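Chain letters run A, B, ... following the sequence lines, proteins first, then strands; residues in each count from 1. Nothing here was measured: the structure is a model prediction, and the numbers come from that model.
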Amino acid sequence: MRYLPLTEADRAAMLKTIGVSSIDALFAEVPAAARLDGLLDLPLAQGEIEVERAISHMAERNIVAGSVPFFIGGGAYRHHVPAAVDHLIQRGEFLTSYTPYQPEISQGTLQYLFEFQTQVALLTSMEVANASLYDGATACAEAVMMANRVTGRKRAVLSGGLHPHYRDVCATYAEFVGFDVVATDPQPGEDESLGQLIDNTTSCVVVQSPDFWGELSDQSELARLCHEKGALLVVVVTEILSLGAVKPPGEMGADIVAAEGQSLGNALNFGGPYLGLFASRDKFVRQMPGRLVGETVDAEGRRGWVLTLSTREQHIRRERATSNICTNSGLCALAFTIHLALLGESGFVRLARLNHAAAVRLAERIERLPAVRLVNHSFFNEFTVRLPCPAAPVVEALAQKRVLGGIPISRLYPDRPELADLLLVAATETATEDDMDRFEQALREVLP
Amino acid sequence: MTAPRFTKDHEWVRLDGDLAVIGITDYAQSQLGDVVYVELPEIGRHIEQGKEAAVVESVKAASDVYAPVSDEVAEINDALAADPAKVNSDPMGEGWFLKVRLADPTQLDQLMDEVAYQHFVEELH
Amino acid sequence: MNDWSQALSLHTPAAAPIAVTFSGNRALQIEERLIFEQDAPGRCGVDLPEPPAFRPCLAGLERRGPVGLPSLSEPQVIRHFTRLSQKNYAIDSGLYPLGSCTMKHNPRLNEKLARLPGLADIHPLQPVSTVRGALELIDTLSRWLKTLTGMPAVALSPGAGAHGELCGIMTIRAALEARGDPRRRVLVPESAHGTNPATAAACGYAVDPVPANAQGRVDRSALERKLGPDVAALMLTNPNTCGLFENEIVEIAAAVHRAGAFFYCDGAKFNAIVGRVRPADLGIDCMHLNLHKTFSTPHGGGGPGSGPVMLAASLAPYAPLPWLVLGQHGLELVEHKAGAAETAIGRLKGFHGQMGMFVRALAYMLSHGADGLRQVAEDAVLNANYLRVLLERDLSLSFPGPCMHEVLFDDRFLKDSSITTLDFAKALIDEGYHPMTMYFPLIVHGAMLIEPTETESKASLDEFAAVVKSLAAAARAADVARFHSAPSLAPRRRLDETAAARKPVLRWLPASPASGAVAAQ
């Protein structure tokens, strides 16, 4: 077995040193009834060639996004990742190191996490950001729980424009952790009047921007209403690239920002691993979940970084920790940091502009189709259209023509017939004019 | 100001008029190591003897500080936010945590005096 | 051609090494500023076209003013992150005996396969008809995990081990509530990892600690006294955090079940028993696995992980969404509470789980096979016991006798030396090793938990043991300076964690009078 360095001679010599006759003696504490004497009913070891063949065979049964006109978003976006990113994150010193518990020999990880925290704070225009959480949806649930701790209240108001997976994750946590959620109906293009739902028991209001339908809105008034009642405003961002074009949540009065960072540096990966971004106001930092890296000096006075404020965490607080979270999404955060370092100020803003331009062009084309209506008043790189028929069969028919043409809302809200004709469509910098031509043409053929 | 009284959880309390001043002992701070943060209760909160009243944190530990007496918090030591090291350098003085307006000063009677506490600490070793 | 004779003759063997360099660098260790300190407007590390003219549709919410990101070219970015990487210790560089973390070799085939476009470049909400191969891969992974554990169901969506614990305890609570028997307490041994009590508390349970006995195992009689009609579950780690197999586990399981509670096992240590013991045969109802431990997905400096949760038949109906089921048309993805999935606890994460980790873990399992995985457990246990025997006369072994895949020492051998476990660990850094896990588990004083894993050779273990023995001898000889000043050869000396926590600086700020304002209140 190519990954196991011990030879039979080594094993025999080591058993002798230990003073036992066989390996079985070292498993003597296992109750006899639970000992497996033979092998389990699974295939035997295979070489690289066989394993690669088996897994490649599975991979070939999927339609690769990059091989077809592709217009799917909904919280996961296909962007071009510069070649340098994947090269650097595969350096063994990043790939195969652990959580930086020994800072003297983990400065590489600690420094990039400090850079990552700074980048996230800058993008969101918030004061402080952590070293990442699992993904946007769990970051959203953690934001609600943090708001509960900060306010001492237990009732969160969720916007109907929040990604349905994020709503569902909040609902699961609410049931088991013990807080209430009030969610408004998903109604694209409608004003939600969330302000009316805030009262003196509300810990936070959670809104998404751009929202699940792709719509943009100013949250400043909502922030004012929250603060008037002592509640916090949590802003969720599922397309972090939008912040290259759109006013950041911190400038609209957000108290906590929970976001998905996949768009920068990370592939679609069929939904994971992704990257939860989490930022807040300074004054709430001790209620934050997850790891934090801070600056300090070493015994010679040289600048360095350490994990800090760890007393919030499970390994010290145990049952009284701010969260049970142990890991962050380190390597995904590294990919994010490298991609954003390559983009820099001008690249980030231009990439956002390219995305917006692509979506504007696609929206213009789709609106020209008979009986198709754009639902949005505004959007970044994703928008919702109302088709003259249910969207799910349309998307399936498009896939038959090898066009991945958006998400039928019914996949996420199957029991809301009023949303069945809606299609969520995204266009990023990777969509070419030819892709748009083929999408438009396929839609003409498929629509009644 | 009266002589301090002590708890088995290493808090001290002494009377200053009708206010009971509360902090942690020198032994407690030496066991904790460098104090980096102190979480204090809100003014006006009713704290209860033997129940958690504050939290004191070092880099690697967070410890509850239990109320040695019951009543309403009248004052907290805001200076600890900027300089938690006072808990290490002067635990019985500038490193005090909070003051409680005490309706019933006899609560102190059940606590150890300095000699008894010193004896208690020695027994721990 | 150069004439080296003169240069060579200048070499004086007695010359003392320089203590400080002009640059601050130390040969291959190069000081590296933050990216924010290398900013020069006008540069960019990507070349993107300017889009053709278009009419923006941003509702007047355009970003005004710069983001504040630094501008660098590609070579600068490559050099920056390469230099940073050289300040990290990694499995690829050497033995990483971090107990409880299973720092084993990460095969590169797994990285290659996870990047196949057919797996990396597919969207979670593509029509299911276009991702049949992805579902097949997940199903294959599930079958391996179910066979290895003997358990009938698996929830794959949790993002890491701690998330898996949350999933498991939520599932248990849902099952108890469904039978109209809500309970209050979860029993957690004192030696447990901190996530266990944090998880139970997050799910609304009172955490009731169970003491260890003198043999480093759960005190069964104390445990049985704590069991009762209000106990929802026992969360037990097996092998436990002392590196020992809970030899009364079958009796413990029976007692837990008699009390009507569920038996949760923290499967962080599955590496010790994979292929030799099926957790189902121990009476376990629910167990999370860390794919980044036993199944070698890279730790990546702290994630991403993946924490599948194995479930007994009694818990399977409550598994979180999505479900992968075999339907009329092959594998189907159930994404909503409906039909059979009405009982599901709901969703714990966006989309379907850590697919990138599933690919790597499956590649690992296919590579090892049934025979190789059993060998993994045997070699992991053999390596740990070999180190135990090599070191037990130099360090102080906490519990006598064979261990499983890790061996626990404590600081009795440092008694009265003024050298602490921390000092000893830091001295190992100077010797070129990542330290063992320190001060965990909490049930022994100054714990040193060593887990070599199966991917270390005998020579590697011999060299490590020789170094540890030398350090122990130095400690006995009161060579305290070596320890108190350690590490002195690493990229940094000991860092001031007190200063970091007292005045947190959690992000870079441009130098200005306002600098330093970003500190926690």
Side-chain angles (χ1 to χ4, degrees), chain A residues 1 5 10 14 29 34 39 42 44-45 51 58-59 61-64 72 88 91-93 96-97 99 104-105 107-109 118 122 134 137 165 168 172 176 267 269-273 285 294-296 298-299 304 308 314-315 318-319 321 324 326-327 329-331 342 344-345 347 357 378 399, chain C residues 44-45 51 54 59 68-69 71 81 84-85 87-92 116-118 120 123-124 127 130 133 137 159-160 162 170 194 197-199 201 207 245 247 281 298-304 346-347 350-352 354-356 366 369-370 372 386 457-458 490 492-493 500 505 507-508 520:
Chain A
M1 210 292 127
D10 289 335
M14 291 162 79
E29 299 288 317
L39 295 181
L42 291 165
L44 298 181
V51 175
M58 296 180 199
R61 295 183 63 206
N62 302 321
I63 294 186
V64 177
I72 305 177
L88 286 168
R91 287 189 64 90
E93 302 91 330
T96 74
S97 55
T99 302
E104 299 89 348
I105 46 173
Q107 285 297 303
T109 298
T118 307
L122 287 168
Y134 307 131
H165 284 182
D168 290 349
T172 308
F176 290 94
N269 282 325
F270 199 50
V285 69
E295 187 177 304
T296 188
D298 79 349
T308 192
Q314 48 75 27
H315 62 276
R318 293 175 81 83
E319 67 267 25
N324 85 333
C326 186
T327 43
S329 201
L331 210 62
L342 286 163
E345 181 76 25
S378 63
Chain C
C44 189
F54 68 99
L69 297 171
S71 300
F81 289 99
L84 292 194
S85 75
K87 299 173 196 298
N88 271 4
Y89 193 91
I91 306 166
D92 283 2
L116 291 175
H123 192 286
T130 69
L137 188 143
M170 284 179 177
T199 298
V207 176
F245 197 89
N247 50 3
D281 298 335
H299 285 72
R347 190 172 268 286
F351 308 113
H352 323 309
Q354 307 284 63
M355 180 68 168
L366 293 177
Y386 185 62
S457 67
K458 177 171 176 293
R492 284 290 178 272
R493 304 281 302 278
V505 177
R507 62 180 282 196
W508 177 84

K.L.:
So which residue, H165(A), M1(A), R91(A), Q107(A), ends up with the most heavy-atom pairs under 4.5 Å with chain C?
P.N.:
H165(A)

K.L.:
Hey, which of N88(C), L84(C), T130(C) has the most heavy atom pairs under 4.5 Å with chain A?
P.N.:
N88(C)

K.L.:
Among G301(C), A490(C), A59(C), C44(C), which residue has the highest count of heavy-atom pairs closer than 4.5 Å to chain A?
P.N.:
G301(C)

K.L.:
Which heavy atom of P51(C) sits nearest to which heavy atom of A357(A), and what is that distance?
P.N.:
CB-CB, 3.7 Å

K.L.:
Would L122(A) and R507(C) count as a side-chain contact (heavy atoms from CB on, under 4.5 Å) here? Give the steps.
P.N.:
CA-CA 10 Å; L122(A) 287 168; R507(C) 62 180 282 196; 3.6 Å; yes

K.L.:
Counting distance only, does the side-chain N/O of Q354(C) pair as donor-acceptor with the main-chain N or O of G272(A) below 3.5 Å?
P.N.:
no

K.L.:
Hey, which of K458(C), H299(C), H123(C) has the most heavy atom pairs under 4.5 Å with chain A?
P.N.:
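Top option by heavy-atom pairs under 4.5 Å: H123(C).
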
K.L.:
Among the options V64(A), I105(A), T296(A), pick out the one with the most heavy-atom pairs lying under 4.5 Å from chain C.
P.N.:
I105(A)

K.L.:
Using a cut-off of under 4.5 Å for heavy-atom pairs, which of A370(C), G346(C), S71(C) has the most such pairs with chain A?
P.N.:
A370(C)

K.L.:
Looking at G372(C), A120(C), S85(C), P117(C), which one has more heavy-atom pairs under 4.5 Å with chain A than the rest?
P.N.:
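Between G372(C), A120(C), S85(C), P117(C), the count favours S85(C).
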
K.L.:
Is there side-chain contact between L137(C) and M355(C), with at least one heavy-atom pair below 4.5 Å?
P.N.:
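Yes, their side chains come closer than 4.5 Å.
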
K.L.:
Give, as side chain, backbone, both or neither, the part of F351(C) having an atom under 4.5 angstrom from any heavy atom of chain A.
P.N.:
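Contact with chain A: backbone and side chain both.
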
K.L.:
Among G347(A), S378(A), A399(A), G294(A), single out the residue with the greatest number of heavy-atom pairs under 4.5 Å to chain C.
P.N.:
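Most pairs with chain C among the choices: S378(A).
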
K.L.:
If I compare all heavy atoms of A162(C) with all of Y134(A), which pair ends up nearest, and what's the gap?
P.N.:
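Heavy atoms of A162(C) and Y134(A) come nearest at CB-OH, 3.9 Å.
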
K.L.:
Top residue by heavy-atom pair count (under 4.5 Å) with chain A, among G159(C), G300(C), S457(C), G45(C)?
P.N.:
G300(C)

K.L.:
If the condition is ring-ring contact (aromatic ring centres under 6.0 Å, His included), which residues does Y386(C) pass it with, not counting sequence neighbours?
P.N.:
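Scan of Y386(C) (ring-ring contact (aromatic ring centres under 6.0 Å, His included), adjacent residues dropped) gives none.
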
K.L.:
Chain C heavy atoms under 4.5 Å from M14(A): which part of the residue, side chain, backbone, both or neither?
P.N.:
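For M14(A), backbone and side chain are both near chain C.
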
K.L.:
With H352(C), which residues qualify under ring-ring contact (aromatic ring centres under 6.0 Å, His included), at least two apart?
P.N.:
F270(A)

K.L.:
Atom CD of E93(A) and atom CZ of F81(C): how far apart are they, to the nearest 0.5 Å?
P.N.:
14.0 Å

K.L.:
Quick one, D298(A) and E104(A) - any side-chain contact, counting heavy atoms below 4.5 Å?
P.N.:
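No, side chains not in contact.
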
K.L.:
Nearest heavy-atom pair of N62(A) and G118(C): which atoms, and what distance?
P.N.:
ND2-O, 2.8 Å

K.L.:
Let me know if I72(A) has heavy atoms under 4.5 Å from chain C in its side chain, its backbone, both or neither.
P.N.:
both

K.L.:
Report which part of L366(C) has an atom under 4.5 Å of a heavy atom belonging to chain A: side chain, backbone, both, or neither.
P.N.:
both

K.L.:
As an exercise: rank L39(A), T308(A), D10(A), T172(A) by heavy-atom pairs under 4.5 Å with chain C and give me the winner.
P.N.:
T172(A)

K.L.:
Side chain, backbone, both or neither: which part of S97(A) has a heavy atom under 4.5 Å from chain C?
P.N.:
both

K.L.:
Heavy-atom pairs under 4.5 Å with chain C - which of A299(A), G304(A), G108(A), G92(A) has more of them than the others?
P.N.:
G108(A)

K.L.:
Any idea which of T109(A), T118(A), T96(A) has the most non-hydrogen atom pairs under 4.5 angstrom with chain C?
P.N.:
T96(A)

